[in-house]
Each structure stands twice: as C-alpha cells, then as structure tokens.
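The figures here come from the full heavy-atom set of this structure, side chains too, leaving out hydrogens, waters and symmetry mates. Reminder, nothing fancy here: chain letters follow the sequence lines and each chain counts from 1. Quick caveat: nothing in here was measured; it's all calculated off a predicted structure.
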Amino acid sequence: MNIDNLNKQQKEAVELVGGPILIFAGAGSGKTRVLTHKIAYLVQEIGLPPENILAVTFTNKAADEMKQRVQKLLNMDVSSMSVGTFHSISARILRREIHALGYDNNFVIYDQDDSKALIKGVIRDMELDEKTFVPKSIQGHVSKYKNQMVDYEYLNKTATGYFDEKLSEIYMHYQRALQGNNALDFDDLLLKPLELFSEHPSRLEFYQEKFKYVLVDEYQDTNRPQFEFVHALSSKHRDICVVGDDDQSIYSWRGADVNNILNFSESFGDSNVIKLEQNYRSTQFILDCAWSVVSRNSSRAEKKLWTENEKGEKLSIIECRDERDESWKIIKIIRNESLNSNRSFDQIVILYRTNAQSRAIEDALRREAVPYQIIGGTKFYERKEIKDVLAYLRLIVNPNDGISFDRIINFPARGIGKTSVEKIHSLAKEKDCSYLNVISNPEGLDVGQKQKKSLKEFSDLILKFKNSYEKLDAATITTDLLLDINLKNYYENQNTVEAQDRWSNVEELLNSIVDFQDLKADNNLSDFLEEVSLLTDIDRWNEADKAVTLMTIHSAKGLEFPVVIMAGLEEGLFPLGGSSYELEDLEEERRLFYVALTRAEKKVYLSHANARRRFGGPPMPTIQSRFLHELPLEMLDQVENNQVNKIKSSFNEEKISIVPKIKSTANEFSIGDQIEHKLFGRGKILAIEGNGSAAKLTIQFSGNIRKKLIAKYANLTQLKT
DNA sequence: CTTAAATACTTTTTT
DNA sequence: AGTATTTAAG
C-alpha cells in the first residue's frame, strides 16, 4: 500500500494508531481517502483482521463504496469487515441477539408511517381527543424523547400537566404495542443494542472483542444513543477514530448533538486531534464565499480551509419573477453549461431546501426534455402500492405485525369493513394473541358468514406462504403471492393511467427483489425486508446516468459536483422558518448553506424569486435570503432579471422550439413516433403490443422514465415533425 | 360493505 | 395544486 500521495496531515491521520483520534475534516479535504487508507493500513501494517474492524458511515451507498475502495487498496477480500450505517449495523446485531430482550429475531422495522399508524391506534384505544393528541406530532415527541434516551417512566415521573402525563402514557402503550407486534421503530434500532449491552454485559464484551477498532464518519451528526453505542464498544480497547466537521452539522433536529464532536476529548479521554484543512475540491472563490458565511456562526472549532486551486468563476446570482421563471432560468443555465461549457448533465446538481420545491423545476425539465433524476420526495418504498405488497411479505415473515395486517386485510377488497376489523382487534386483545391468530379460526368472531369465509381464506393464504418462506426464495414467494391475490387484474380493471402506473411500480419492486437475490445467493425474504426499510434515497441514486440530479441539501451531504445550482434563496424558505429564529436554528441553516456551497467544484448559481406560490395559492412577494448578503460582493456576478439569455450569446434555442401538435386518434401510433403525454411530457414510442385503441405502448419519456400505457386511456398527442 | 363526494392537509430536513 | 382522509350516499 502506498501512502506517499497523501499530504502530511492525511498521512499522520492514517498512521496514528492507539488511543482515541479525532479528525476534523473540512469539506473536500480528502476525508474518504484518509478513512479508506487508514483501514487498509490497520489491516496491512498493524495486522488487524478485517472482521475486527467496524466502520460506520452515513449511507449504505457510502458503506459499499468504502468497502470496495479498501478491497482495491489491499487487493484482498474484506467482506468480513463490518461497514454500514448505525441503523444497519444495529439491525444486524439485533437480528442475532434480540431474543435476549423478549423480542423474536424475525422482528420487522417500522418506518414513520407504520409507527404513526400504531400511535394513532393507541390514541384511539385510550379514547383521547385526536385534535389535542395529533398522531403525527405525538410521534415526533416520542421520537425526540427516545433520541434523548428519556424513557416513559422518567417522563411520567417528571410530567407537569395533563398533556405530558398523557404523552407518557401513550409512549408506554406505544412501546408495548411495538413489542406485541414484534416490531422496532428507527429509534429502537439504536436503543435496543444499548439495552442489550447493559442487561447482558457478556454480549458487550463479545462485541468489544469483535470490533477491536471502531471508525465513525460524519461524527458531527451523531445523537446520544449513537454516541453511547460507539463509546461502549470502544471503552475497552480505546481504539476509536472519528471523522467529522462541526461546520457541517445539519441534523440537530433529529437529535444529533454537535457537542459529541466538540467534547470528544473529554468523553473519550486523552486523545489526538488532527485537522485536515487543505481543500482539493473547490475553487478559491467558492471556498471564500463558504467561509464568509459560516464564519459568522459562534461556537465553531477553530479552523480554516485553504486551497491551491485557481480562483475560478464568480458565483452567479439569478433573480427571477416567480418559481416558474426560476425553473425556466435554471433550464437555460443547464443548456448553457452543456452547450457552451461542454458539461454533461450528470455534472450538474440542483439543490433546494425543501422537497416541495422540486415540482416546479421538474415540470420545466420534463417539458424541455432535459434528462433528470430526483432524489427524495415520495420515496419508492413509501408508495402505497409498494407498501401494500410489502405488508403481505412482512406479515408472512412476522405474523404478529398488526400494522401490516390492518393494511391488507381488505386490500384488494374482500368484504372486510371497519366493523369487522374492530371486532378482530377486540377479540385479539381479549385472547391476547395476534390478529392473524384470531381469524385463523373465525368461528368465535361475531361477523357474517361471508366475512368468516373471506377471513379464513386470507389466513390460509398467509399461513401457506409462512410455511414455505424459509425454503423458497423471495422472488418466487412474491411472484406466487401476486398471482394468488390477483393484483394485476385488480389494477388493470381500473383502466386508469394511475393504476397502470401502480402496477408497473409493483413490477419494479419484483425486479428489485430479483436484483437483491442475484447479489447474494443466501439472502432470504427477511433480509430483503430489512434492507428496504433501511435504504436511503441516495442509495437508490444512479450516478452513472447522464442526467441532472435534483435533491435537498441534506441529501447532498458528502457528495460533490462540478456545477451546483441552488434554488429558492429567500427569507422564510432558506433560511427556512417564520419571523422569529432561534439563534441556534439560524446557525444550522447557515451550516446547511455552507454544505451546499462546498459541494461545488467549479461553478455555483444561486437563484431567488421575487414572488413564490405556496400551497397552490397566489404568488406571495418574497425578499432575498440574508445568506446572499453574507457573501463578498466582489466574488458575485449579479445577473439581472431577463438577462439569463445573455449569459452566453451562442445559446441555441431551436432544439425545443414549437413542434406542431396534431391530435391523434388512438390507433395510428407506430414505433418511433414522438408523442406528448399530459403528465409525463414528451416521449418516444419504443414498442407496441396489441393493436387498435387497446394497444399497449411502451414509451420512453425524459428523465429516464419509461412507461407502459394503454393507447385509449393515455390521451396522447402525436407530434408531427 | 363499497363507491363517490367533500374536506382537510401539505412544506423542513431523514434513518 | 395535488393528495389523503373522512363522511355521505348507494
């Protein structure tokens, strides 16, 4: 292994072994290189076996990349190394150990939706007013307390007033319900290992021996349970190395505590601190602008990034009329970058503060046929049709999962209404068993004959698959299941584009199950379910696609792009919030702005609109973000309203000019035709199955969207060239 | 119990 | 504006 290509501080960080190490790694300072080289160094020079290394990353994607890079450096198999997010590492441990805490090892992981549904049920059972105890907000409270490691007993003891008192009771019932369903929420995933360690010290010792060296990336965004986790694991050997940057701490709203990094030395005992301050990513101008903003924050660790890179281009400020104008100008910029600066679409990212901003931009990109990829928003695995199918699979793996049961007991409709469901619930409570158990023998249930028959069929279906799920692979089970419940017909009979869409999403789910199995032969259904619950948006991102990427700034953490376009620089939107800011909140917004700027290598555009619509209302006037005023004027290029056209004059607009539209009757399509769809915009017909108005058309739309639509429902407009 | 119509809600960021 | 949830009619 060669480390001569590292700078002095990087080398020091790699070679220093023994005792706690804190690496302050500024944006673009080569932190990933240091981490991968350090791991390789531990294996090759120190002789530590890969299975004794634990490396925690922020996304699963980062974990995979890290593993691959270490493998390449060492040219040996490192698959025994534990690399992953806190949540996935914990899930792996719990999969083996959680029976010691009174759960079953085949537990399911509840996402926010599931856990909200469970809380809603608890609130109803307690007969509380849902206006006072809004499930979503209660879930937020409970999650916050769990992140702070406050349990319901403590909350109950310290409660002042009716609300807190009831909150602690909901919290308690929720926690019991989770256990009854044999389910963990995201917060439990971090808390249960700590419970395991304190109740069974021998298990802690086991993992301390297993993970002799612990590395943590993005340490500034760890919360209390995560701190306790690494602290416990490393307290024996004291071999821990954390990497982070307090200026990039952007997750305090979900319990991350920047003091974890600021107080590292006190918490872990005498330690070495290394600062990586040379930036290899960005131009001088970008770095100076970023510094000019973030240095206004108080209570930062002392450090300053520098670079040997050229000054580069000034940052461009784009003034827009409203969000539609903004989208339009962004497209001009993209075309300009691609035609005149010869950049491919994948070198450009559009960043925004809130997911809702993506819609206007997306519409414009689609209209103008610019290929794009959106990260976030409604995630694939959170779509209703996907969750419905997953609920079946989850119930097969874990028959105690009441939330999944409720989701599918009448989907597709099988004549089980609200009253029947309530009767199932109360009988299950009475007999202290699962819902599935109740309906497997519906005789004791006070429901109609038709319902009894239907319930029995449902329970037989689930049990049939349950008996075979360990023998059969996940794809086979899913295929059989879809046939059994006849989901394809269900969607096709609706004869709408939306239903078509939903079915094609289900097909995509099936594909992803097949992909998952191909990756590792011994992966079963339960492993697949765990993986999808812990996937990040970024994990599904295909960098290789030649498309512009759209994402929130939070999602962009750790990434870099030649060109960054940041939209919506207005007070109230970025910085986000109402009229009064807590200073701390404002400082986090400022760090977020800093993160956004430092993603850029060459060029930054900052746009703001003079008016913006919210909730589909009329455009409301806005004022410029204060962050724009915190940048040094001499590094800015003000592009006045309507001047975007003049950025470079050779810009060629002809490509998207008006193509005459001719309404077409449905049966005259042929392969290769250009068409326009109301929702998906322009596209090209790739294939036709069947004929006449019932023909199924496979159409490639921009933004890497491919759809199968039925001619008579799709309402397509044919474009004649 | 199912379907259609009315109304409520969304926009903080995510594991 | 678009979607989800609740209520009313069949």
Side-chain heavy atoms of T552(A) within contact of Y352(A), under 4.5 Å: yes

Value in whole Å for how far the P atom of dC9(B) lies from CZ of F615(A): 12 Å

Sugar-phosphate, base or nothing in reach of D111(A), heavy atoms under 4.0 Å: nothing

Sugar-phosphate, base or nothing in reach of T59(A), heavy atoms under 4.0 Å: nothing

Distance in angstrom units between R359(A) CZ and dG2(C) P, rounded: 7 Å

Sugar-phosphate, base or nothing in reach of Y251(A), heavy atoms under 4.0 Å: sugar-phosphate

Sugar-phosphate only, base, or nothing, as touched by S555(A) at under 4.0 Å among non-hydrogen atoms: sugar-phosphate

Separation of atom NZ in K450(A) from atom P in dT2(B), rounded to whole Å: 8 Å

Using atom names, set out every protein N or O paired with an N or O of nucleotides 5-10 of chain C below 3.5 Å, distance rounded to 0.1 Å.
from   : atom 1 : to      : atom 2 : distance (Å)
dT6(C) : OP1    : K120(A) : NZ     : 3.3

Mutual orientation of the aromatic rings belonging to W503(A) and Y491(A) [parallel < 30°, tilted 30-60°, perpendicular > 60°]: tilted

dT10(B) OP1/OP2 closer than 4.0 Å to side-chain N/O of N355(A): no

Geometric class of the W541(A)/F561(A) ring pair [parallel <30°, tilted 30-60°, perpendicular >60°]: tilted

Sidechain N-carboxylate O distance under 4.0 Å for E130(A), R124(A): yes

pi-stack flag for W253(A) and dT13(B), centroid dist under 5.5 Å, interplanar under 30°: yes

N/O (side chain, N410(A)) to phosphate O (OP1/OP2, dC1(B)) under 4.0 Å: no

Separation of atom CD in Q112(A) from atom P in dA4(C), rounded to whole Å: 16 Å

D585(A) CG to dT12(B) P, straight-line distance once rounded to whole Å: 13 Å

Side-chain N,O (S420(A)) to OP1/OP2 (dC1(B)) below 4.0 Å: yes

Rounded interatomic separation in angstrom, taking NZ from K136(A) and C1' from dT3(C): 13 Å

Test item: side-chain donor near acceptor, N398(A) and D401(A), under 3.5 Å: no

Rounded distance in Å between the C1' positions of dT12(B) and dT5(C): 23 Å

I623(A) side, atom CD1; L569(A) side, atom CG - distance, nearest 0.5 Å: 13.0 Å

Under 3.5 Å side-chain donor-acceptor pair for S252(A) and E588(A): yes

Whole-Å distance separating the CG atom of D113(A) from the P atom of dA4(C): 10 Å

Gap between atoms CD and P, on Q451(A) and dT2(B) respectively (whole Å): 8 Å

Upstream residue (5' side of DNA chain B) when I250(A) and K131(A) are each assigned their closest nucleotide: K131(A)

Side chains of R612(A) and T622(A), donor plus acceptor under 3.5 Å: no

Touch class at under 4.0 angstrom, heavy-atom based, for L190(A) against every strand present: nothing

